[in-house]
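Here's the structure, in structure tokens; my notes come after.
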Amino acid sequence: MSDPFVVVGADAAGLSAASKFRREAPDRDVVVFEMGQWISYAYCGMPYFIEGRVERMSNLLSLSPSEVADRGIDLRRGHKVVGVDPDAKTVAVETTEGDSFEQAYDDLLVATGGRASTGPFDVHGVDGAFTLHNMDTAAAIDAYVAEPDAYDPDRADVSAVDRERVDRNAAMEAPETAAIVGGGYVGVEMAEALVGRELDVHLFHRSGHILSDFGEAVGERVETELDAKGVTVHTSAPVEELVGDGRIEGIAFGGADGAETLPVDMAIVGVGIRPNTELLDGTGVELGAGGAVRTDEYGRTNLPDVYAAGDCATAVHAVTGEEAWMPLGLTANRAGRAIGATVAGDPSPVGEIAGTAVVKGFDMEAGRVGLVGDEAAREAGFDPVRETVTAGSRSGYYPGAAPTDVTLVADRDTGRLIGGSIAGPDRAAIRINTLATALEADMTVPEVERLDLAYAPPFSPVWDPILVAAKVLNGTLDGD
Ligand SMILES: Cc1cc2nc3c(=O)[nH]c(=O)nc-3n(C[C@H](O)[C@H](O)[C@H](O)COP(=O)(O)OP(=O)(O)OC[C@H]3O[C@@H](n4cnc5c(N)ncnc54)[C@H](O)[C@@H]3O)c2cc1C
């Protein structure tokens with residue numbers, strides 16, 4: 001009898017793979033090791049839970065352990081994989097009960113995700129200072145921002161929750177002023193969430209505009225919206241230190257006026273993530289972009305029968321054709337599912353990535369795709385040329401029409417579209433999918449301009465904002 005398909009990590013990539021594998025190969029075994037107690041959760045929903053828009057933590061869960069078992073998946077929670085022996089084809093496992101054993105595999109998927117990187121800041125052991133990269137922290141933040149007598153313990157209604165940590169945070173005096181360190185998409189979402197919980201919120205960003213990956217035009221519009229909704233946005237303001245001993249007391253930051261310290265009683269550090277690859281140390285596995293596990297178009301690593309997917313793995317960039325690392329939800333689910341099919345005997349490519357991302361800050365929506373910044377475009381060998389237009393989201397006479405900014409970036413020599421971004425308050429973000437599709441199809445800007453996009457007054461003007469932008473950029477390309 002063959003050894004099982006072993007999966008490490010029971011969230012987006014891992015469980016997608018295990019589920020697909022079981023459906024395609026019902027006679028073969030699949031074992032999923034998960035070091036924690038949480039499985040099949042939606043990190044993406046955590047800011048909305050903290051805000052209160054999502055009522056219960058259980059709302060953020062997809063599959064329960066019993067549903068996973070019903071699928072014929074052997075799920076072992078509290079099992080950490082600490083090593084891999086690619087010659088013997090075994091993994092070393094340690095349980096939370098202190099047991100350890102080795103498990104043989106036929107095929108292995110590493111779907112271990114990433115962890116919050118904290119840069120130079122240490123949030124451990126500092127009450128009121130958090131990163132947001134796990135469900136227990138989301139529960140703890142929710143408890144911390146509530147007044148002790150107003151906290152509703154039913155909000156954290158999942159048995160996996162670290163109840164002791166929640167109770168400890170719930171007992172602390174509620175904060176009044178929060179600092180968010182890092183103006184990426186999680187920082188923006190958390191700014192909105194904490195304003196929703198009636199905190200005075202300060203958002204710190206190292207460079208000149210928040211949402212750096214979305215480009216300047218988007219950053220400016222989202223900053224204006226955050227400002228209008230009461231968030232103090234500090235740009236070009238690198239945070240130097242979290243001040244406080246035991247409990248957070250302040251944020252020391254630099255800026256135009258020199259070093260300053262802002263008193264705060266809460267801080268959320270959102271400065272990025274790092275891939276979890278330690279279990280492969282010493283195996284000879286190749287790492288690539290961002291320190292993630294290098295994978296090919298089928299999610300294979302350089303180790304025989306070892307795959308990697310999701311936040312811990314690289315993928316191929318749809319525009320550059322080069323290796324890239326962009327930890328996002330669909331990438332993980334899609335790659336996991338494809339690897340499940342491949343291991344079951346139906347070779348399926350994991351798909352390319354374009355860094356397609358959307359975010360909203362209050363009433364301002366934004367999207368980005370491909371190569372938005374000039375530097376990234378030049379590094380990839382393109383000669384970028386860009387235009388930003390502002391166009392209506394619907395026919396001007398139809399209620400709800402709002403200015404929508406579209407930036408398109410093309411390669412000067414070939415006219416190929418290589419990236420774009422969108423911002424606006426009226427269903428702007430989802431329009432990025434048109435650009436994502438155009439990038440995947442390697443379209444030129446003239447081809448984008450000729451797209452037969454839908455028109456009716458409630459949805460779009462005759463000339464969709466993307467078509468307007470393509471027209472303007474074509475003019476620029478023609479004039480060059
Ligand atoms: C606050 C927040 C908001 C986000 N919002 C969005 C969004 O709006 N859109 C979007 O596309 N993406 C978003 N993301 C990113 C998205 O959540 C991730 O891309 C996705 O969860 C990655 O899935 P994964 O399966 O690769 O890894 P994970 O979800 O991190 O799961 C990995 C699992 O592996 C387990 N594990 C790790 N090491 C071991 C080990 N050695 N042994 C056993 N188990 C192990 C971990 O405990 C974990 O359960 C957000 C992330 C955060 C933190």
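Note that the structure is predicted; figures quoted are calculated from it, not measured.
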Reference residue E286; test side-chain contact (heavy atoms from CB on, under 4.5 Å); the match among T314, N302, V293, L303: N302
Pair listing, side-chain hydrogen bond (donor to acceptor under 3.5 Å, both in side chains) test, anchored in residues 342-355, at least two apart: none
Exam field: side chain D426 to backbone S393, donor-acceptor pair closer than 3.5 Å: no
Flag side-chain contact, heavy atom, 4.5 Å: D265 against R247: yes
Trace of the side chain to side chain contact (heavy atoms under 4.5 Å, CB included) decision for D122 with V126: CA-CA 8 Å; D122 190 6; V126 183; 5.9 Å; no
Stepwise side chain to side chain contact (heavy atoms under 4.5 Å, CB included) check, D152 with E55: CA-CA 10 Å; D152 172 9; E55 232 171 88; over 6 Å; no
Any residue meeting ring-ring contact (aromatic ring centres under 6.0 Å, His included) with F130, in chain and number order, not counting sequence neighbours: Y144
Exam field: side chain R368 to backbone G370, donor-acceptor pair closer than 3.5 Å: yes
Sequence neighbours excluded, every pair satisfying side-chain hydrogen bond (donor to acceptor under 3.5 Å, both in side chains) that has a member inside residues 18-28: S19-R71, K20-E24
Check: G36 main-chain N/O paired with E34 side-chain donor or acceptor under 3.5 Å: yes
Which pairs would a plain distance check flag for residues 73-81, meaning a side-chain donor or acceptor within less than 3.5 Å of a matching protein atom at least two apart in sequence or in another chain?
unit_1: D74; atom_1: OD1; unit_2: R76; atom_2: NE; d: 3.0
unit_1: D74; atom_1: OD2; unit_2: R76; atom_2: NE; d: 3.3
unit_1: D74; atom_1: OD2; unit_2: R76; atom_2: NH2; d: 3.1
unit_1: R77; atom_1: NH1; unit_2: Q37; atom_2: O; d: 2.8
unit_1: H79; atom_1: ND1; unit_2: R77; atom_2: O; d: 2.8

Heavy-atom side-chain contact between N433 and T356 under 4.5 Å: yes
side-chain hydrogen bond (donor to acceptor under 3.5 Å, both in side chains) contacts touching residues 134-143 (sequence neighbours left out): W38-D136, N134-T137, T137-R165, D142-R155, D142-R197
Any R163 side-chain heavy atom under 4.5 Å of P153 side chain: yes
Check: V30 and F5 side chains under 4.5 Å, non-hydrogen atoms: yes
Note, I210 side chain near L226 side chain (heavy atom, < 4.5 Å): yes
Listed partners of F214 passing ring-ring contact (aromatic ring centres under 6.0 Å, His included), at least two apart: none
Test side chain to side chain donor-acceptor pair (under 3.5 Å) applied to H209 - qualifying residues, sequence neighbours left out: E223
Short side-chain to backbone donor-acceptor contact, N276 and T112, under 3.5 Å: yes
Without placing hydrogens or testing angles, list every side-chain donor-acceptor pair under 3.5 Å for residues 102-110, not counting sequence neighbours.
none

Residue pair A129 / I248: nearest heavy atoms and the distance that separates them: N-CG2, 4.3 Å
Set of residues satisfying side chain to side chain contact (heavy atoms under 4.5 Å, CB included) with respect to A116, sequence neighbours excluded: T131, H133
Heavy-atom check, side chain of E67 versus side chain of S62, under 4.5 Å: no
Heavy-atom check, side chain of L211 versus side chain of V359, under 4.5 Å: yes
Residue pair T277, V285: steps toward the side chain to side chain contact (heavy atoms under 4.5 Å, CB included) verdict: CA-CA 10 Å; T277 61; V285 77; over 6 Å; no
Set of side chain to side chain donor-acceptor pair (under 3.5 Å) partners for E173, sequence neighbours left out: none
Whether N59 side chain and R56 backbone form a donor-acceptor pair below 3.5 Å: yes
Over 12 non-hydrogen atoms of neighbours within 6.0 angstrom of CG in D154: yes
Smallest separation among heavy atoms of A25 and A344, with atom names: CB-CB, 3.9 Å
Candidate pair I430 and V358, rule side chain to side chain contact (heavy atoms under 4.5 Å, CB included), full reasoning: CA-CA 7 Å; I430 206 67; V358 285; 5.6 Å; no
Counterpart residues, ring-ring contact (aromatic ring centres under 6.0 Å, His included), relative to F253 (two or more places apart): F204, H234
F459 atom CZ, over 12 foreign heavy atoms within 6.0 Å: no
Side chain S16, main chain G336, donor-acceptor under 3.5 Å: no
Gap between atom CZ of F49 and atom SG of C44 - 0.5 Å precision: 15.5 Å
Main-chain N/O of D363 paired to E225 side chain as donor or acceptor, under 3.5 Å: yes
Verdict with reasoning, T118 to H124, per side chain to side chain donor-acceptor pair (under 3.5 Å): CA-CA 10 Å; T118 51; H124 297 293; over 6 Å; no
Reported CD1-to-OG1 distance for the pair I466 and T434, which is rounded to 0.5 angstrom: 4.0 Å
Minimum heavy-atom distance G419-L439, with the two atoms named: N-CD2, 3.9 Å
R221 atom CZ: more than 12 heavy-atom contacts under 6.0 Å: yes
I141 CD1 to I268 CD1 distance, which is reported to the nearest 0.5 Å: 4.0 Å
Less than 3.5 Å apart, which donor and acceptor atoms pair up between the side chains of residues 177-194 and the rest of the protein, not counting sequence neighbours?
unit_1: E189; atom_1: OE2; unit_2: Y48; atom_2: OH; d: 3.4
unit_1: E192; atom_1: OE1; unit_2: K360; atom_2: NZ; d: 3.2
unit_1: E192; atom_1: OE1; unit_2: F362; atom_2: N; d: 2.7
unit_1: E192; atom_1: OE2; unit_2: R53; atom_2: NH2; d: 3.2
unit_1: E192; atom_1: OE2; unit_2: K360; atom_2: NZ; d: 2.7

OG1-CE distance between T96 and M35, expressed to the nearest 0.5 angstrom: 11.5 Å
Closest non-hydrogen atom pair between M135 and L61, with its separation: CE-CD2, 4.3 Å
Rounded distance [0.5 Å steps], OH in Y298 versus OG1 in T301: 16.0 Å
Note: D3-K89 ion pair, threshold 4.0 Å (strictly below): no
Which atom of A13 lies closest to which atom of A111, heavy atoms considered: CB-CB, 3.8 Å
V264 side chain reached by H202 side chain, heavy atoms, under 4.5 Å: no
From R427 atom CZ to S460 atom OG, the distance as rounded to the nearest 0.5 Å: 8.0 Å
Shortest non-hydrogen contact between A428 and T404, atoms and distance: CB-CG2, 4.1 Å
